[in-house]
Each structure stands twice: as C-alpha cells, then as structure tokens.
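Note that this is a predicted model, so its numbers are computed, not measured. Throughout, protein chains are lettered first and strands after them, A, B, ... in sequence-line order, and every chain is numbered starting at 1.
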There are 2 protein chains.
Amino acid sequence: MIRVVIYEDNPQFREGLTMLINGSDGFSVLASYKNCNNVAEEVEKWSPDVILMDINMPGTDGLEGLKKIREVNTEVKVLMLTVFDDNKNVFEALRNGANGYLLKKTPPAKLLEYIQDATLGGAPMTSSIATQVLKMFQVIPQSKNQDYCLSERETEVLQLLVDGFSYKMIASELFIAIDTVRSHIKKIYEKLHVNSKSEAVAKAFKDKLL
Amino acid sequence: MIRVVIYEDNPQFREGLTMLINGSDGFSVLASYKNCNNVAEEVEKWSPDVILMDINMPGTDGLEGLKKIREVNTEVKVLMLTVFDDNKNVFEALRNGANGYLLKKTPPAKLLEYIQDATLGGAPMTSSIATQVLKMFQVIPQSKNQDYCLSERETEVLQLLVDGFSYKMIASELFIAIDTVRSHIKKIYEKLHVNSKSEAVAKAFKDKLL
DNA sequence: GGAAAAATCACATAAATATGTTAAAATGTC
DNA sequence: GACATTTTAACATATTTATGTGATTTTTCC
C-alpha cells in the first residue's frame, strides 16, 4: 500500500486527486492540506511514502514546503505538481531534493504510474520537464577543456597561487629558490596568455585547470 | 512507425533487440551495427527516430559515438544502454545530449515503452539512474550564499579585479583616483578576510560572489 | 537635523610582483 | 650521444600591491 499526503490549495483539484488515489488499489491518501504552513509536523505525523506538492499555494508555497520537508525527512518521495513548466522552479525543486515534477494536466492513469515509479526510486517527469532537465545538463558545465600544456611543476605552482600563497611561501613549500618560483610563474603566464597573478588565478577557475 | 538504429557489439544481444523491436507493432529496426566507427554517415543515411547506443564497445565507444551523432544531428533521440550505472558515464552522456539512459536488464516491455517515451520528448531512465541524476542536481550548486555585505561600489571593484584590471586601470575605468581604488580594495579585503588580490579573486570564484 | 555608512582622495613606505637576460643541471626521447 | 624540455637558479629593475593614517564629501536613514 502506497501512502500519500497531498498539498494543494484548489479544493476541487484536491478532492479529485484524493478520490482518484483512494479509489485505486494499492494507494491511499492519508491526509490533504491546502498549504504548507505546518508541513514539518504533518509529515512527521503521517510519515507517508509519497507527497504530492503543488508549487503555487498561498502562504508557504511548494518550494519552501519542500525545503522544510527535507530538513526533517530525506526519505519521503516528493512529487511537485504545477500548471506551468517554469524553468527556474524546476531547477530549484530538483536542487532541493524533489523526486519528480509533473504537470497538473497529467492523465489520472499516468499519475498513478508516476507515483508508483517514485516509490521505486524513479524520477517521474512530464516529458516537457524531462526535456528541460536534459538541457540543463548540456548547458551547465561546458567544460572547455583547453589544454595549456602546463608541466607538472607548473601545475603545482599554479595550484599554490590559487590557494593564496606568495612567491616566498611557494618557494619554502616546494624547497626551491624564490627565483625559481619566478621562472615557473613567468612560464605559466606565457602559456595562459596572462600577465598577473590574479588573472592566472581567474583563468584557473574559469577553465577548471585544477 | 518508430524507426530505430542499434549500436551494440554483442551479437546475441543485438539480435535479441532487433527481434524484439521488429516484432512489435509500430516499431522497426532500420539497421544495427557492432561499433560506432562510421556512426555519422550511418545516421545521416537512415535518419532514424531513435538510436539505441551501447556504452562499452570496441573501437569508437558509445560516448564518443554520441558526440559524433550530435555533431551532425541534434534531433534524433539517443538512448544509452549499459550494464552498470556508472556515475561518471551517466553524467558525460547526459552532458553530450543523450535523451535517456537504460540498464540492459530492462525488461522488454519496458524497453519498448521507454523508446516511445523518448520519441515523445521524455527522458526515460532506469530508476537507479534517475536517482543518480537527482543527486547530481543536489550536489552541483550548493550555493553557499555567504554574504560578505560588499557595497555596490565594492562589488564593482571586485568584479574588475577578477577581470584582471590593475589598480590604475580600475581607477580610469571608474573615473576615480587610484587612492580611492586602494581604499575600496582595503575594505574588500577586510570583509572577505583576505590580504592579497589573488586571494580575493579566488574567493570570488569559490563563493560565487559575482 | 544628526548619526552612520559609503565613497572619495592624499601621502608615505615596505613588500610583493612582473619582466628581462642568462645559464647550469636534470630528465626524457629518438 | 644528441636534442628538446623541464627544472633549477642568479641578478637587476620598474611597476604594482599592501598597509597605515588621515580627512572630506555624499548618501542613507531614523
């Protein structure tokens, strides 16, 4: 038996969901609420398997509700429900530990399937949402793996620069003369096409050299 | 009719897939190959709706194959197939535009459903993979929004430091005296608890201050 | 209107950095 | 062994940066 708690401000939709789920074998609604104002206590009280969470609600909204839930419970599966597939909300929800993201227009049969999918460790998403999620992956880390051919020693020195070491400190850290440090850094600047320490540090971060 | 091309080095598995798909209404296998050595031409030739792509293959493997496909075709849905849910491969595949990621042990009925799901814009994933993807979202941007209370002007100056400007350049950029730049930077160092330009730059990147 | 914070500028000085030139070992490769 | 690359190092010098101690003007906010 999959035990569900619902957060949804619209009374009709809330009732509809409850009837659908209670009317299906293997599913039962433990409770439903019209906002997340007391979500922490409610989740602790019922300890459901799945929570259906509307995003747009008066008072504490779905995203904040999700955060509060995750502060007290990382096990329960939380499926976000929304009318629009708003990019920013999707990202925020997944970042805060949502297990799935569904549009409200999802047909009832699919919804039940998705709920079950979530309990099995899946990440059910409406296809338009799934498309967005895939795009996020493609955008985020366009790791421009430019290779500047830094030698081992040069990489080491650059790492220390990034860590905030002065020439003097690097010299004593690596047991070499400060003039040698200078030499290395000069070479590093050439290879990275920069001419100051802070530019080199910035480039190291931007191009993920370390 | 959903038109499929298969890349899979194991002959048995390749044959099994082909028979399964060809034997199902609404699906047909256009071709199957045992490596990705000529993937670009093959995809252009068949222009399939869906490609099933094994990750581990001799010669050009699935990940490289995926990259080559995306260079010539961004429309075709590519589903990655693998025995293991290896974290790094999942990430690399999604980053390079895979549309889904399935374990080979996926039951035949599910597999057909997933293929269809992909054509409809979904992102079909085995639940263990889905779990990993969700975790990636939670890990990536742990935005430790530490607020160092930099003023507007200070933020501006820090930005220019990060961009590699010297004090002199900042002064002329902002139409202020170099001594004023010094004052701002001194204040910035205090607030960030650092005492050199490169440390400030590094901190700006680490804490995503800009 | 007055207190607090932010932004502006000046002068001084020690320390650190950038740049140039040069060159001897050490290491790796064909 | 010859060659290229890397690592090491010294010396010189101009520029930049870090730090201190003031002080004046704006802006903000109650």
Side-chain angles (χ1 to χ4, degrees), chain A residues 143-210, chain B residues 58-60 64 143-210:
Chain A
S143 67
K144 34 178 166 179
N145 246 351
Q146 273 219 262
D147 196 357
Y148 296 99
C149 295
L150 294 184
S151 74
E152 217 172 310
R153 200 56 153 173
E154 285 159 2
T155 306
E156 210 171 355
V157 171
L158 178 56
Q159 176 66 66
L160 293 170
L161 280 186
V162 167
D163 290 343
F165 284 59
S166 68
Y167 289 18
K168 206 184 286 181
M169 290 160 79
I170 293 176
S172 77
E173 182 75 17
L174 299 180
F175 304 106
I176 55 181
I178 193 169
D179 278 311
T180 309
V181 177
R182 279 190 236 276
S183 296
H184 287 307
I185 289 176
K186 211 182 309 181
K187 208 74 201 286
I188 292 171
Y189 288 179
E190 267 177 44
K191 289 185 177 176
L192 299 191
H193 305 295
V194 300
N195 46 11
S196 78
K197 192 161 72 155
S198 49
E199 279 180 286
V201 169
K203 198 143 197 170
F205 276 101
K206 282 184 196 161
D207 294 359
K208 304 204 179 73
L209 293 182
L210 305 173
Chain B
T60 310
E64 293 178 60
S143 66
K144 35 177 169 178
N145 247 349
Q146 272 221 263
D147 197 355
Y148 295 99
C149 293
L150 295 184
S151 74
E152 217 171 311
R153 199 57 154 174
E154 285 158 3
T155 306
E156 210 170 354
V157 171
L158 178 57
Q159 176 66 67
L160 292 171
L161 280 187
V162 167
D163 290 343
F165 284 59
S166 68
Y167 289 16
K168 208 185 284 182
M169 291 160 78
I170 293 176
S172 76
E173 181 75 17
L174 299 180
F175 303 107
I176 55 181
I178 194 170
D179 277 311
T180 310
V181 176
R182 280 190 234 275
S183 294
H184 287 308
I185 288 175
K186 210 181 309 182
K187 207 76 203 280
I188 292 171
Y189 288 0
E190 268 177 42
K191 289 185 178 178
L192 300 190
H193 305 295
V194 300
N195 45 13
S196 78
K197 195 161 69 154
S198 49
E199 279 180 288
V201 169
K203 199 144 194 167
F205 277 101
K206 282 185 198 161
D207 293 0
K208 303 207 180 73
L209 293 181
L210 305 172

Calculate the interatomic distance between [X] atom [atom1] and [N] atom [atom2]; express it in whole Å.
| X | N | atom1 | atom2 | answer |
| --- | --- | --- | --- | --- |
| M169(A) | dA18(D) | CE | P | 14 Å |
| Y167(A) | dT16(D) | OH | C1' | 11 Å |
| K168(B) | dA14(D) | NZ | C1' | 10 Å |
| L192(B) | dA18(D) | CG | P | 12 Å |
| K197(A) | dT17(C) | NZ | P | 4 Å |
| I178(A) | dT7(D) | CD1 | P | 19 Å |
| D179(B) | dA7(C) | CG | C1' | 13 Å |

* Taking 4.0 angstrom as the limit, do R153(A) and E156(A) come out as a salt bridge? -> yes
Closest to the side chain of S151(B), out of dA6(C), dT8(C), dT17(D), is dA6(C)
- Does a side-chain N or O from R153(A) land closer than 4.0 Å to OP1 or OP2 of dT5(D), or not? no
B/S/- along nucleotides 24-30 of chain C (protein heavy atoms under 4.0 Å) is -------
May I ask you to say what T180(A) touches in the nucleic acid, namely base, sugar-phosphate or nothing, with a heavy-atom cut-off under 4.0 Å?
base
Describe the nucleic acid contact of N195(B) in one word from base, sugar-phosphate, nothing, applying a heavy-atom distance below 4.0 Å.
-> sugar-phosphate
Between D207(A) and L192(A), is any pair of side-chain heavy atoms under 4.5 Å apart? no
Numerically ordered, the residues 181-190 of chain A set in heavy-atom contact under 4.0 Å with DNA chain D is S183(A), H184(A)
